[in-house]
Chemist: 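Quick one: the structure is below, questions incoming.
For ligands, and for the atoms within them, numbers begin at 1 and follow the listed sequence. What's counted below: heavy atoms across the whole structure, side chains too, no hydrogens, waters or symmetry copies.
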Amino acid sequence: MSWLDKNPPASISNPDLVIAQYKSLSRQAPLIYLIGLVGGWSLAISHWSVAPAWAVIYYPILVSIVSAFRIVNWLKARKADVSVLEAKKQLDRSHVMAILVPLLFGFWGFSLFPYGDLALQGQVIFTVCVGTVSIMFCVLHLRTAMLVGVLCINVIGMTYFLVYQNFDHFAVFISSVVFCGALVFVFRNYYDDFLQLVTIGQQLKAKQTQLELKAEETERLARENEKLANHDALTGLPNRRLFFNVLESKCSEALAKEQLLGLCLFDLGGFKALNDLFGHVAGDSLLLQVGTRLKANVGKSFIARLGGDEFCVVIENAANAREIEMKGREIRDIFNAPFLVPGGGVSLSGFVGVAILEGETSSYVHLYENAAFALRVAKRKSDQPFILFGEAQREEMRKTVLLERTLLNANLFEELSLEYQPIIDIRSHRVRCFEALARWNSPELGNVPPSDFIPVAEHSGYISQLTSYLLERALREAKDWPEEVGLSFNLSATNLSSADTVNQLLGIVERSGFQPERIEFEITETAVMWDYDQALKAVRTLKKMGVRISLDDFGTGYSSLKQMHELPLDKIKVDRSFVQGITSDPTSYGIVKSLLTLSHDMNIDCVIEGVETAAELETVKEIGGDLVQGFLLGRPLPPTDVADCLEKAECKQREAWASAS
Ligand code: C2E
Ligand code: MG
Ligand code: MG
């Protein structure tokens, strides 16, 4: 196989080679014409006096004009970018030129040959041969053109001398053919190197492209990661992480420019219930709609989803505090219209906490803490769903911080105690059980009600320790109660939040030796709805041990009938707020009556909480209530008074009863 076969001619299938060959040709082509012109003119001058004018003047001028035209063309082409197709066209044309150029210059040289003496004839042959070799060098990278050109000039020479039967000079051209053949062979290596260079160039280019693609991909992934790390995947809004970064810079800017800045945090009341009732698809759809409504209404402000159903809006450049408050209220109103989710339309009560960045003492951390506190207050006081952090909240916050600090340093054994409030069966006039209620007598703060310190303990993560201590104590104090009297004990959401916390409770009950059947754990509706699935698991574990479960403050949360049915409940406790209006408000009356009917239908007990007056007691009895808890029949008592209460319960009840009738 010849080297020509091994190296197929440049074709469009190798565009890089085509371009490389074209570039090389465009660089060398002017040189080829120059070599031809220098050689031709040197011969014309040598033959000036012996050759006719057409051979030393007119033909050389014609060739020079053609060459000049070609040189200019090639010089222009060198600067321009060409397409692969155009380059290929030029290369194909070079094959024709490989015949025309030797003819053009060969004719010039050989036309002078007959007029010179031996020396001049030698000069012609020398010039033609050296010119040929020089041009071969110029078209090293165009193998075919080189072969055609070399062949052409040698065939012209040989034919010329054969025709004129000048065998000496014919022999010179035979040597020239051999010599050129040898050169072609030698140039093969250069051509191979050229090909290799082009291939390496191609590989490098491919590698570079690959690297560029990789770099682009890495950059895209980095951008995506950045987006994922800083944005909420569901709503596409900035997440908590980005929120804090942005809030920090916006606060610094506002402080520097002395502008007012407000932070509005809000939470969708009842979202967890909706999630549990309608499923996560509905929950996601609702969150998406919230995001869309926010973008549509306050899209110019910075909006973020901080997690769960908590969102925030940063209000910038407000003229005054009133404007921030108005905007906060407007944001709350965005949620007034019902949302359409798979499963039906739902209305939610949004809770909003707003805080304003104030003076040099404030920072973005303070701002967030203040807004979060305002939101907590709004959620606690569900009748006041919008709270602007002000003096009252600052005072409350100060108290909460003080309370938290004092509670964490409190001596549990000395400062905490329990009181027991009877839950009475008004049909049999007997105490069914006592509810253990925590009491904290702090040397610094005095008597602190559980409604104040329990939420603080929950918030600070201290509640597990507190519950363990109180439960152990309650079980110890209830040890000697009559067997038919049970113990009701309040749990927090945290106590149900994991298998560990539940096992902790079970361990305490087990170690106490108290019969589990006499223990009733009260869980609030809000605690259940905090994480319904986990609460359900926890309740099932507790039930396995034999303890009873009571749903406290029923009617104040967002649980559904479905969930009530699913939870293995033994009792519901109707919240005091419904009983307060039972004698005057038909709605309260209707609710209590329905709940009683419901509990009967579900075959579970129902306690009516907070009965304070004989009239309330009478109404409760009238509508079928049998278990009652309230100041009328018994206030919370220290453990030492429990025995006395048990003794006198019946006569106390009869007294109450008598005053009612
Ligand atoms: P709760 O479980 O609903 O307890 C009943 C609350 O209503 C008690 O308030 C009780 O004193 C009060 N109460 C009972 N009858 C009447 C009445 O006729 N009128 C009025 N106005 N109030 C009545 P207390 O002791 O202040 O407890 C408040 C809440 O603190 C409890 O509500 C319970 O949720 C929580 N709590 C109390 N002790 C504990 C505890 O050891 N652990 C946990 N996690 N929470 C507790
Ligand atoms: Mg309770
Ligand atoms: Mg209650």
Side-chain angles (χ1 to χ4, degrees), residues 380 407 412 415-424 432-441 447-475 477-478 486-497 501 504-505 508 519-528 530 535 538 548-557 569-583 592 595 605-617 620 625 627-639 645 656:
R380 205 171 58 226
L407 183 68
L412 291 182
E415 296 173 28
L416 279 183
S417 63
L418 284 158
E419 280 191 345
Y420 298 91
Q421 186 178 26
I423 294 174
I424 293 168
R432 182 69 81 78
C433 63
F434 284 98
E435 177 177 3
L437 296 162
R439 300 290 177 251
W440 178 28
N441 186 3
N447 280 326
V448 185
S451 49
D452 281 0
F453 73 83
I454 295 286
V456 171
E458 284 171 346
H459 187 68
S460 64
Y462 191 50
I463 191 74
S464 290
Q465 216 176 320
L466 206 81
T467 305
S468 297
Y469 169 72
L470 289 172
L471 181 61
E472 273 171 19
R473 186 163 175 162
L475 289 168
E477 288 175 348
L487 169 73
S488 216
F489 188 87
N490 293 289
L491 293 181
S492 290
T494 321
N495 302 127
L496 306 175
S497 65
T501 50
Q504 209 174 335
L505 299 174
I508 294 170
I519 302 172
E520 203 163 82
F521 280 126
E522 293 192 10
I523 51 174
T524 60
E525 242 191 313
T526 330
V528 170
W530 192 53
R548 290 161 56 85
I549 304 293
S550 179
L551 194 59
D552 204 358
D553 304 342
F554 189 68
T556 55
L569 297 175
D570 297 286
K571 188 189 268 179
I572 54 170
K573 293 182 79 178
V574 179
D575 192 63
R576 202 176 76 220
S577 53
F578 298 110
V579 182
Q580 275 170 348
I582 197 170
T583 51
V592 178
L595 291 178
D605 289 340
C606 179
V607 176
I608 310 296
E609 290 186 305
V611 175
E612 287 181 347
T613 65
E616 285 166 0
L617 182 67
V620 169
L627 294 173
V628 171
Q629 178 180 14
F631 289 171
L632 178 73
L633 298 180
R635 285 183 173 265
L637 305 163
C645 166

Chemist: What N/O/S atom of Glu435 gets nearest to the Mg ion (ligand 2)?
Modeler: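 It is OE2 of Glu435.
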Chemist: With a 3.5 Å cut-off and no angle check, do the side chains of Ser488 and Glu522 form a donor-acceptor pair?
Modeler: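 A donor-acceptor contact under 3.5 Å links the two side chains.
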Chemist: Return the set of residues passing side-chain contact (heavy atoms from CB on, under 4.5 Å) with Pro636 (not counting sequence neighbours), or none when no residue passes.
Modeler: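 In terms of side-chain contact (heavy atoms from CB on, under 4.5 Å), with neighbours along the sequence ignored, Pro636 is linked to Glu419, Gln421, Leu437, Arg439, Phe631.
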Chemist: Go through the steps to decide whether Asp552 and Glu609 satisfy the test side chain to side chain contact (heavy atoms under 4.5 Å, CB included), and finish with yes or no.
Modeler: CA-CA 9 Å; Asp552 204 358; Glu609 290 186 305; 3.0 Å; yes
Chemist: Roughly how far, to the nearest 0.5 Å, is the CD1 atom of Ile519 from the CD1 atom of Ile549?
Modeler: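 Answer rounded to 0.5 Å: 10.5 Å.
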Chemist: Can you list, by chain and residue number, the protein N, O or S atoms under 2.8 Å from the Mg ion (ligand 3)?
Modeler: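 Less than 2.8 Å away from the Mg ion (ligand 3) sit Asp552 OD1, Asp553 OD1, Glu609 OE1, Glu609 OE2.
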Chemist: For Asn441, what residues pass the side-chain contact (heavy atoms from CB on, under 4.5 Å) criterion, not counting sequence neighbours?
Modeler: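 By the side-chain contact (heavy atoms from CB on, under 4.5 Å) rule, Asn441 matches Asn447.
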Chemist: Rounded to the nearest 0.5 Å, what's the gap from CG on Leu407 to OH on Tyr462? Could you check?
Modeler: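 Reported to 0.5 Å precision, the distance equals 5.5 Å.
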Chemist: Verify the distance criterion only: is there a donor paired with an acceptor across the side chains of Thr501 and Asn495 at less than 3.5 Å?
Modeler: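 Side-chain D/A pair, Thr501 to Asn495: absent.
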Chemist: Indicate whether any N or O donor in one side chain lies under 3.5 Å from an N or O acceptor in the other, for Ser468 and Gln504.
Modeler: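 Distance-only check passes for Ser468 and Gln504.
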Chemist: Rounded to the nearest 0.5 Å, what's the gap from CG on Leu466 to CZ on Phe453? Could you check?
Modeler: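 Those atoms lie 6.0 Å apart.
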Chemist: At what distance, to the nearest 0.5 angstrom, does SG of Cys433 lie from CG of Asp605?
Modeler: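 Going from the SG atom of Cys433 to the CG atom of Asp605 covers 9.0 Å.
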Chemist: Put together the list of close N/O pairs, under 3.5 Å, between ligand 1 and the protein, could you?
Modeler:
from: ligand 1; atom 1: 2 (O); to: Glu435; atom 2: OE2; distance (Å): 2.9
from: ligand 1; atom 1: 2 (O); to: Asn490; atom 2: OD1; distance (Å): 2.9
from: ligand 1; atom 1: 2 (O); to: Asp552; atom 2: OD2; distance (Å): 2.8
from: ligand 1; atom 1: 3 (O); to: Asp553; atom 2: OD1; distance (Å): 3.1
from: ligand 1; atom 1: 3 (O); to: Glu609; atom 2: OE2; distance (Å): 3.2
from: ligand 1; atom 1: 15 (N); to: Gln421; atom 2: NE2; distance (Å): 3.0
from: ligand 1; atom 1: 18 (O); to: Phe631; atom 2: N; distance (Å): 2.8
from: ligand 1; atom 1: 19 (N); to: Glu612; atom 2: OE2; distance (Å): 2.5
from: ligand 1; atom 1: 21 (N); to: Glu612; atom 2: OE2; distance (Å): 3.0
from: ligand 1; atom 1: 22 (N); to: Arg576; atom 2: NH1; distance (Å): 3.0
from: ligand 1; atom 1: 25 (O); to: Arg439; atom 2: NH1; distance (Å): 2.9
from: ligand 1; atom 1: 25 (O); to: Arg439; atom 2: NH2; distance (Å): 3.1
from: ligand 1; atom 1: 38 (N); to: Ala438; atom 2: N; distance (Å): 3.0
from: ligand 1; atom 1: 42 (N); to: Asn490; atom 2: O; distance (Å): 3.4
from: ligand 1; atom 1: 44 (N); to: Ser492; atom 2: OG; distance (Å): 3.1

